[in-house]
Amino acid sequence: MKGAQLRFCAYRQYNKNPNWDHDHCSFCWTKFAVEPGPDILHAGYCTLDEYHWICPTCFHDFKGQFEWRVAPAEQTDA
């Protein structure tokens with residue numbers, strides 16, 4: 001993850017595996033999912049392929065150490 005480019009976005013299921021219904025923060029294991037529930041995050045930082053997810057707390061704690069670069073937010077058509 002050193003030097004990875006990340007972006008902040010809403011969580012969505014991993015598009016390469018339709019059975020993959022949640023992810024975890026790569027550092028603290030906090031759960032990311034689409035469905036509501038206690039202690040579930042619905043947005044965070046992810047690698048551009050959306051394979052690795054990082055919660056905002058861990059992002060801020062480790063961004064300097066891992067030299068992460070933040071990509072522009074994904075544009076959506078309104």
Side-chain angles (χ1 to χ4, degrees):
M1 297 286 299
K2 180 114 178 162
Q5 188 171 21
L6 306 173
R7 69 178 164 171
F8 187 85
C9 66
Y11 179 78
R12 56 185 166 218
Q13 287 182 275
Y14 188 58
N15 63 4
K16 295 181 182 176
N17 185 344
N19 297 319
W20 197 327
D21 67 350
H22 72 279
D23 280 281
H24 292 274
C25 173
S26 294
F27 292 86
C28 71
W29 215 241
T30 295
K31 185 176 181 178
F32 286 92
V34 174
E35 81 270 356
D39 302 322
I40 293 177
L41 294 180
H42 303 286
Y45 292 87
C46 64
T47 52
L48 300 183
D49 63 1
E50 297 182 13
Y51 186 79
H52 296 283
W53 286 82
I54 302 168
C55 74
T57 299
C58 288
F59 173 81
H60 291 292
D61 287 349
F62 296 108
K63 66 182 176 182
Q65 180 180 349
F66 284 89
E67 301 173 1
W68 290 326
R69 297 170 289 127
V70 178
E74 199 173 52
Q75 299 296 315
T76 57
D77 295 332

> Any idea which heavy atoms bring Phe8 and Ala43 closest together, and the distance?
Replying inline: CZ-CB, 3.8 Å
> Is the side chain of His22 donor-acceptor paired with the backbone N or O of Ala33 at a distance under 3.5 Å, no angle test?
Replying inline: no
> Is the Phe62 ring parallel, tilted or perpendicular to the Phe27 ring (thresholds 30°, 60°)?
Replying inline: parallel
> Any chain of hydrophobic side-chain contacts (each under 4.5 Å) joining Ile40 to Val34?
Replying inline: no
>> Hydrophobic cluster membership, with links at side-chain heavy-atom distances under 4.5 Å among I/L/V/M/F/W/Y: are Leu6 and Tyr51 in one?
In response: no
>> Give me the atom names and distance for the closest heavy-atom approach of Ile54 to Cys25.
In response: CA-SG, 3.9 Å
> Can you check side chain to side chain contact (heavy atoms under 4.5 Å, CB included) on Met1 and Gln65, steps first, answer last?
Replying inline: CA-CA 10 Å; Met1 297 286 299; Gln65 180 180 349; over 6 Å; no
> For the residue pair Phe66 and Trp68, does the interplanar ring angle fall in the parallel (under 30°), tilted (30 to 60°) or perpendicular (over 60°) class?
Replying inline: parallel
> Backbone N or O of Trp20 within a donor-acceptor pair of the Gln13 side chain at under 3.5 Å?
Replying inline: yes
>> Listing request: all salt bridge (Lys or Arg N to Asp or Glu O under 4.0 Å) pairs with a residue in residues 16-38, at least two apart in sequence or in separate chains.
In response: Lys31-Glu35
>> Show the nearest heavy-atom pair for residues Pro36 and His42, with the distance to one decimal.
In response: CA-CE1, 3.9 Å
>> For the aromatic rings, using the six-membered ring if either is Trp, is the centroid distance between Trp53 and Tyr14 under 6.0 Å?
In response: no
>> One pair to check against side chain to side chain contact (heavy atoms under 4.5 Å, CB included): Arg7 and Cys46. What are the steps and the verdict?
In response: CA-CA 6 Å; Arg7 69 178 164 171; Cys46 64; 4.0 Å; yes
>> To the nearest 0.5 Å, what is the distance between CG on Leu48 and SG on Cys9?
In response: 9.5 Å
